[in-house]
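Some notes on the structure that comes next.
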Amino acid sequence: MSIMPSPALPLTKPTHGQPCNGCGVCCKAIPCPIAMEVLDVTEGACPALEWDSEAGRYWCGLIRNASLHVPGLHGKPWADAILREMILETGAFGRSCDSDDE
């Protein structure tokens, strides 16, 4: 798994509302509100977007490996599970396509 996104888009983006397939279009277009808050980014691709070459898809690094991305949490993997649960409670991350971007 690499933290920097693969230059290739692995999958065709599903239509809005369809199940997420990990294409990464949404996170490449703009950071989500959580990334804006905890990573202090407001535009461009989310710096926490992770490419998983084995699975052939993108994943949210804040959900999978927050301690690798959030300043102040580096070297504290115990925070990963706590933040994962908090983030998943806030939205439908990875469940359905919420992007109108192409």
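These numbers come from the heavy atoms of this one structure, side chains and all, not from hydrogens, waters or symmetry mates.
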Original post:
CG of N21 to OG1 of T12: how many Å apart, nearest 0.5 Å?
Top reply: 7.5 Å
Original post:
Taking all atoms of both residues into account, what is the closest heavy-atom pair of L62 and H69, and its distance?
Top reply: CD2-CB, 4.1 Å
Please set out all donor-acceptor pairs under 3.5 angstrom arising from side-chain atoms of residues 36-45, sequence neighbours excluded.
none

Subject >> Under 3.5 Å: donor-acceptor pair, side chain of D52, backbone of A55 >> reply: yes
Side-chain donor-acceptor distances from residues 81-89 under 3.5 Å, at least two apart:
| from | atom 1 | to | atom 2 | distance (Å) |
| --- | --- | --- | --- | --- |
| R84 | NE | I63 | O | 2.9 |
| R84 | NH2 | R64 | O | 3.4 |

Subject >> Results of side-chain contact (heavy atoms from CB on, under 4.5 Å) for C20 - residues two or more places apart only >> reply: R57
Original post:
Between A35 and C46, what is the shortest heavy-atom contact and its length?
Top reply: CB-SG, 3.8 Å
**OP:** Please report the shortest heavy-atom distance between C27 and L49, naming the atom on each side.
**Re:** CB-CD1, 3.7 Å
Original post:
What's the shortest heavy-atom distance between Q18 and P14, and which atoms?
Top reply: CB-CB, 3.9 Å
